[in-house]
K.L.:
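Here it is: the structure, laid out below.
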Amino acid sequence: MSGENYYARQRVASRQVDQRAALFGSRGNAPPRGSKADHSADREALERQNDAEIGALAGKVERLGDIARGIGKQVKDSNSLLGGMAGELDKAGTLLKGTMNQLKVMMQQRSGKHMCYMVAFVLVLFFLMYLLRGMGKRLGGGGAPAPLEIVQNDTAG
């Protein structure tokens with residue numbers, strides 16, 4: 001039993017990795033990096049790269065903010081337009097309701113007086129259309145247009 005424990009401990013010990021070396025650059029059996037100058041140069045390069053990426057990201061965030069503000073403005077304008085349209089539709093609905101009530105009252109009265117007014121109105125409308133059509137022909141608005149005569153120029157040069 002003690003032999004098995006010895007071999008198990010030996011296997012675990014051989015697998016142990018320097019965690020700090022694994023975290024900061026030394027991978028597996030690779031030799032550790034060079035001097036501190038190499039580390040500081042790498043660190044500076046990474047910092048410059050990070051600063052460039054942060055700048056690009058800030059630009060993208062600013063553009064996204066502008067887009068969001070534009071969308072917010074469009075939504076506000078659309079909502080105000082819809083609110084105005086709703087008010088106008090309510091007015092139109094009220095007007096149509098009043099008209100329908102008046103028509104209902106007229107149809108319930110069943111008097112011939114309203115029918116006579118309507119027939120007279122239609123006849124006057126047709127008579128006016130007939131007169132306007134006749135006036136249009138007399139003033140040159142109706143009929144076929146005068147034919148155009150095409151003449152060729154006889155000058156030879």
Side-chain angles (χ1 to χ4, degrees), residues 11-111 113-150 153:
R11 271 188 282 151
V12 169
S14 68
R15 276 197 233 158
Q16 279 185 339
V17 178
D18 183 12
Q19 297 296 325
R20 187 170 196 282
L23 183 63
F24 291 111
S26 178
R27 302 280 189 232
N29 293 333
R33 290 196 153 192
S35 67
K36 278 190 170 184
D38 288 342
H39 288 296
S40 65
D42 288 344
R43 184 172 293 165
E44 287 178 20
L46 285 174
E47 296 245 354
R48 282 193 304 271
Q49 199 174 31
N50 284 344
D51 289 342
E53 292 295 326
I54 287 172
L57 193 59
K60 289 177 184 179
V61 167
E62 187 176 335
R63 279 187 289 174
L64 188 60
D66 290 342
I67 290 170
R69 282 187 288 279
I71 290 172
K73 185 181 181 304
Q74 287 290 331
V75 166
K76 190 193 311 185
D77 292 345
S78 295
N79 282 338
S80 66
L81 180 66
L82 286 174
M85 286 176 63
E88 294 296 322
L89 285 175
D90 287 343
K91 288 179 189 176
T94 303
L95 184 64
L96 280 174
K97 188 175 180 181
T99 303
M100 289 302 291
N101 287 337
Q102 289 177 356
L103 282 173
K104 192 185 296 183
V105 167
M106 186 179 79
M107 292 305 289
Q108 287 174 351
Q109 287 180 354
R110 299 263 186 209
S111 72
K113 184 171 125 178
H114 294 293
M115 238 358 178
C116 288
Y117 285 146
M118 189 170 68
V119 169
F121 174 73
V122 169
L123 289 176
V124 168
L125 187 65
F126 279 123
F127 182 70
L128 284 174
M129 288 173 38
Y130 174 75
L131 285 178
L132 290 174
R133 184 172 175 238
M135 284 176 49
K137 282 186 181 178
R138 279 185 252 140
L139 295 176
L148 293 177
E149 187 175 325
I150 300 174
N153 193 353

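Hydrogens, waters and symmetry mates play no part in the numbers below; they use all other heavy atoms, side chains included. None of these values were measured; they are calculated from a predicted model.
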K.L.:
Atom CG of Asp51 and atom CD of Glu44: how far apart are they, to the nearest 0.5 Å?
P.N.:
11.5 Å

K.L.:
Rounded to the nearest 0.5 Å, how far does CD of Glu53 lie from CG of Leu46?
P.N.:
11.5 Å

K.L.:
Distance check, rounded to the nearest 0.5 Å: Phe127 atom CZ versus Leu132 atom CG?
P.N.:
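These two atoms lie 10.0 Å from each other.
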
K.L.:
Give, for atom CD of Gln74 and atom CG of Leu81, the distance between the pair rounded to the nearest 0.5 Å.
P.N.:
11.0 Å

K.L.:
Once salt bridge (charged side-chain N to carboxylate O under 4.0 Å, His left out) is applied, do any residues pair with Arg69, and if so which ones, sequence neighbours excluded?
P.N.:
Asp66

K.L.:
Enumerate the residue pairs fulfilling side-chain hydrogen bond (donor to acceptor under 3.5 Å, both in side chains) with a member in residues 75-101, sequence neighbours excluded, ordered by first and then second residue.
P.N.:
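Only Lys73-Asp77 qualify under side-chain hydrogen bond (donor to acceptor under 3.5 Å, both in side chains).
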
K.L.:
Just jot down the side-chain contact (heavy atoms from CB on, under 4.5 Å) partners of Leu57, sequence neighbours excluded, or say none.
P.N.:
none

K.L.:
Could you tell me if the side chain of Met129 sits less than 4.5 Å from the side chain of Arg133, heavy atoms only?
P.N.:
no

